[in-house]
Amino acid sequence: MASLQDGFEEPGDVQDIRLVVDTIPTLAWSARPDGSADFFNQRWLDYTGLSAEQALDWGWKVAIYPDDVPRILETFREALNTVKPFEVEGRFRRFDGEFRWFLFRGSPLRDRWGKAAKWYGTNTDIEERKRAEDALRKSEERWRSVFENSAIGVALSDLNGSFLATNHVYQTIVGYTEQELRALHFLDVTHEDYREANRALVTELLEGKRRQFQIEKKYRRKDGSSIWVSNNVSLVPGTERVPRFIMALAEDITQRKRAEEALRKSEALLHEAQRLARTGSWSWDVLSGRVVSSPENARIYDFQPNEDSAAPEVYFQRIHPDHRERIREVFQTCVVEKTDYQADFPIVLLDRTVKYIHATGHPILNKSGDLIEFFGTTVDVTEQHESRAALQTAFEQIKAEETELRRMTDAIASYIYVLRPDGTALYANQAVLDYTGLTLEDVQREDQRAHPEDLERLREERDEGLARGKPFELEQRALGKDGNYRWFLVRYNPLRDDQGHIIRWYATGTDIEDRKQAEERMRDENVALREQIDQVFMFEEIVGSSPALQTVLSRIVKVAPTDSTVLITGETGTGKELIARAIHKHSQRSGQAFISVNCASIPSSLIASELFGHEKGAFTGAVQRRQGRFEMAHSGTIFLDEVGELPLETQIALLRVLQERQFERVGGNRIISTDVRVIAATNRDLTAAIAAGTFRTDLFYRLNVFPVEVPPLRKRKEDIPMLVEYFVKRYAEKAGKHIRRIDNNTLERCQSYEWPGNIRELQNIVERSVILCGGDTFWIEKAWLASIQPPRPELAGPLPDTLQNQERKMIETALAESKGKVAGPEGAAAKLGIPRSTLDTKIKQLGINKHRFISQ
């Protein structure tokens, strides 16, 4: 208390001032001229939970948030040097360990020479003010984001019509910058033809006669051109700080206006086209029983001005008497059965002239399946009917010349088939016979000499094409007389008689073997691109700002420009592939391929072929050479996900690639060099796998050059609100929903939940909840985030005797059935339905000698 005694002679005075200082409602302190503390009032000590001995001198620093200490000390030292009052904000620890924002103030007591004889100060709690400032800042940022990122133009003006603010879309519409618009009135950008109407509507808005209005008008852009817009204008009520203003939402409808004008022109052109094509259109409304006829349809039927062309009966009366009842019955059947209508018949005009008509109709049904309208066309086919006899004669002549045509087709180098209506072979030209080595009789007996793998597909596509009765084409492999298959493009075209019935199918084949080989090469070259497109949209960006995530991102930035091998570890669902893609994107190889391989999803018998490729004939089914993923990733990056699942033999080959940058295709002996960066990832404990003998130590150290551990979501909970907001926005846009807020209870439950499935589980739950949300507030079912028991850790010790014996018996039975073989389709792992590495670990734990089953 020596500091408080300065200036007081009587002990009573000191006691009184101490009581005052200890009872004032603030945290007070004093310090010596060098800044070391010599007194704290009782409220200061009670708040921090420190004793006076702990806090004196510089011991008070332990109550300051570590990140704030350097800044506060710098401010304090500057005040000590200048002997001036100071104030600084920082986080101050309460006795329960919680940090709150405080304003630290200090002021010097100067002696007669102006030097500091004493420092006195207070600490004031400003936590609520800081929170209010942060909330206000976020609110303003969100409003500005909505304003700037709106898909339509937004303009704000005062009550006089002067622009206050505009977004980028609005500026693009009118062609002015925001600074230029601030000097203009909203009528300055309104086309002169619409200014008075616009002014009147705004006046009614200001007088309270309208709450809002919509107008379609033209804008006069800065460059003098005009543009059509749809304006939604409303008066926004003011607040204590902001006066009333007018908000206009502007949408460019120029294309729609042009489409409407084009539609008007199109209708005129349609009428003219119908006249030229002698094709009219009509519709019959079932409810009213009235017919609407196009001008050309009325001309075909020769309706007179005094005739009621809306009555259906007048059309039937025009039909020739010999055909009238037949056509009436056909039409009524189509109405009852709600099927398409088609008929050919003659009509007799008022001047007794006969015309021949081809009429079609299509039923229009409502959602309940009820017929509401028939729409159809009428074609004047009089000329076609009159020329039919000549056409029949020509057709007979064609049939008579069929033999000569066959001779001609034999001389053609193309492959030609003539088929019956059911698709069976009737004739094949000499080119077909020469290729297949068959006789014409053989061709007529055999269906096709197609590749066995194509038979089922060809049968379905061919039967479907023949049933449709329209030209079609298909690709197939056909066997040649040399025993080899070649690819052909076969085009089928029907030949019909005068009744429209198919009497022949003509098929022509074109050799496309070279094209198919080129396509196969293209598929090999583009497999990387296809896989990237399939997988790139799991996440669109890395979301979060937590210290744990920032540490990962910092490591990405440091390792990305190098060519070092990276091993990414972390639990499932934490986004390890996203981290790998980020490393690739920021590397010097970003312009090259990024090849992703999930080692756990590929059968162990095929993993080597998948990674390093294979030669033709390397194994059953290897009908041609295939590039592996390392070849495709040349000059780029290969990502080996779940690398801990690789078989031991494949680990050896991978080790060689990492050491020597060389490999050989399966079944090949040519050494292939590769320049590829390797990024691996696993959710397994590789050190445990090494101890179990399922993962090579040397491979581990080759992969673990630069380790990156991705934290689970439970260790970066401060990112959860941001992630929830991101996924809600993403899936709401996809679902066409307008979600404006997130329920606070939902956010609290999200942050208290452990998320065993990490970000993937959060993403799935948000997507599911967006689907169920019916309003503008996002919420999650409470049951989905109920507390669950944490997963049980693997037992370090042995299993209980009963379970251990049962497990041993199951494994030994499987080994006996597979004759001691662990891997492969017939191995014990496949029989038990577990990964081979897991079975190897179990065999070692249980002390089973798998070799004793080999001789059984």
Side-chain angles (χ1 to χ4, degrees), residues 535 538-539 542-544 546-560 562-587 594-602 607 611 637-648 650-651 654-655 657-658 676-717 719 723 754-763 790-791 793-794 796 835 837-838 840-841:
Q535 300 176 8
M538 177 179 176
F539 301 101
I542 300 175
V543 178
S546 65
L549 182 61
Q550 292 302 315
T551 299
V552 174
L553 298 181
S554 174
R555 294 180 69 83
I556 290 175
V557 171
K558 292 176 181 178
V559 76
T562 73
D563 265 348
S564 298
T565 302
V566 180
L567 178 61
I568 305 172
T569 58
E571 297 177 5
T572 182
T574 54
K576 295 186 287 295
E577 182 169 349
L578 188 62
I579 298 300
R581 290 181 180 277
I583 294 173
H584 173 72
K585 183 177 180 181
H586 290 81
S587 72
F594 177 89
I595 303 299
S596 178
V597 183
N598 189 316
C599 300
S601 65
I602 303 173
I607 185 67
L611 291 178
T637 302
I638 187 167
F639 174 57
L640 302 177
D641 198 7
E642 305 298 346
V643 72
E645 303 299 328
L646 283 176
L648 284 171
T650 308
Q651 293 179 30
L654 177 58
L655 182 63
V657 174
L658 294 175
V676 62
R677 181 183 193 169
V678 177
I679 301 177
T682 183
N683 59 12
R684 294 184 58 193
D685 184 355
L686 292 186
T687 56
I690 292 172
T694 59
F695 200 85
R696 295 180 61 93
T697 305
D698 48 2
L699 178 58
F700 171 76
Y701 288 113
R702 281 287 181 179
L703 293 174
N704 198 37
V705 176
F706 192 92
V708 175
E709 182 178 3
V710 184
L713 189 54
R714 62 181 176 274
K715 292 187 179 180
R716 39 180 291 215
K717 290 193 174 183
D719 290 338
L723 285 164
E754 286 300 314
W755 297 108
N758 293 298
I759 295 178
R760 186 177 294 116
E761 182 183 9
L762 172 63
Q763 180 183 4
E794 293 184 6
S837 57
T838 302
D840 284 334
T841 302

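Index from 1, following the sequence.
Remark: R555 engages no residue in a salt bridge (Lys or Arg N to Asp or Glu O under 4.0 Å) (not counting sequence neighbours). Residues passing the side-chain contact (heavy atoms from CB on, under 4.5 Å) test with E709, sequence neighbours excluded: T569. Taking N704 as the reference, L567, F700, P707 meet the side-chain contact (heavy atoms from CB on, under 4.5 Å) condition, with sequence neighbours excluded. Remark: T551 pairs with no residue by the side chain to side chain donor-acceptor pair (under 3.5 Å) rule, at least two apart or across chains.
Of all heavy-atom pairs between E577 and S596, the closest is OE2-OG, 3.4 Å. The two atoms that bring T574 and G570 nearest to each other are OG1-C, 4.1 Å, heavy atoms only. Scanning all heavy atoms of the two residues, the minimum distance from A600 to E645 falls at CB-CG, 3.7 Å.
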Step by step, would you call R696 with L648 a side-chain contact (heavy atoms from CB on, under 4.5 Å)? CA-CA 7 Å; R696 295 180 61 93; L648 284 171; 4.1 Å; yes
Between R714 and W755, does a side-chain contact (heavy atoms from CB on, under 4.5 Å) hold up when you go through it step by step? CA-CA 6 Å; R714 62 181 176 274; W755 297 108; 5.6 Å; no
For T650 and L611: C-alpha separation, side-chain torsions, deciding distance, then whether side-chain contact (heavy atoms from CB on, under 4.5 Å) applies. CA-CA 9 Å; T650 308; L611 291 178; 3.9 Å; yes
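Rounding to the nearest 0.5 Å gives a distance of 12.0 Å between CZ of R581 and CD1 of I542. Note that CZ of R716 and CG of N758 are 9.0 Å apart. Values are rounded to the nearest 0.5 Å. One finds the NE2 atom of H586 at 9.0 Å from the CG atom of L553 (value rounded to the nearest 0.5 Å).
Among T697, L703, D698, the one residue that satisfies the side chain to side chain contact (heavy atoms under 4.5 Å, CB included) test with Y701 is T697. Screening I583, V705, I579 for a side chain to side chain contact (heavy atoms under 4.5 Å, CB included) with V566, the sole residue that qualifies is I583.
Within the 4.5 Å cutoff, no side-chain heavy atoms of I759 are placed close to those of V543. The closest side-chain heavy-atom distance from H584 to S587 is below 4.5 Å. Within the 4.5 Å cutoff, no side-chain heavy atoms of L699 are placed close to those of V643. A heavy-atom distance below 4.5 Å is found between the side chains of L654 and L640.
Taking the six-membered ring where tryptophan is involved, the planes of F594 and F639 are essentially parallel, since the angle between them stays under 30° and well short of 60°.
Sorted pairs that involve residues 699-708 and meet salt bridge (Lys or Arg N to Asp or Glu O under 4.0 Å), not counting sequence neighbours, are lacking altogether. Listed by first and then second residue, the side chain to side chain donor-acceptor pair (under 3.5 Å) pairs involving residues 682-692 are D685-T687 (not counting sequence neighbours).
Listed for the R677 side chain is a donor-acceptor partner under 3.5 Å among the backbone atoms of S564. With hydrogens and angles ignored, the 3.5 Å screen pairs a side-chain donor or acceptor of K576 with a backbone N or O of E571. Here the side chain of Q651 pairs no donor or acceptor atom with the backbone of F695 at under 3.5 angstrom.
Side-chain atoms of D719 and S546 include a donor-acceptor pair closer than 3.5 Å.
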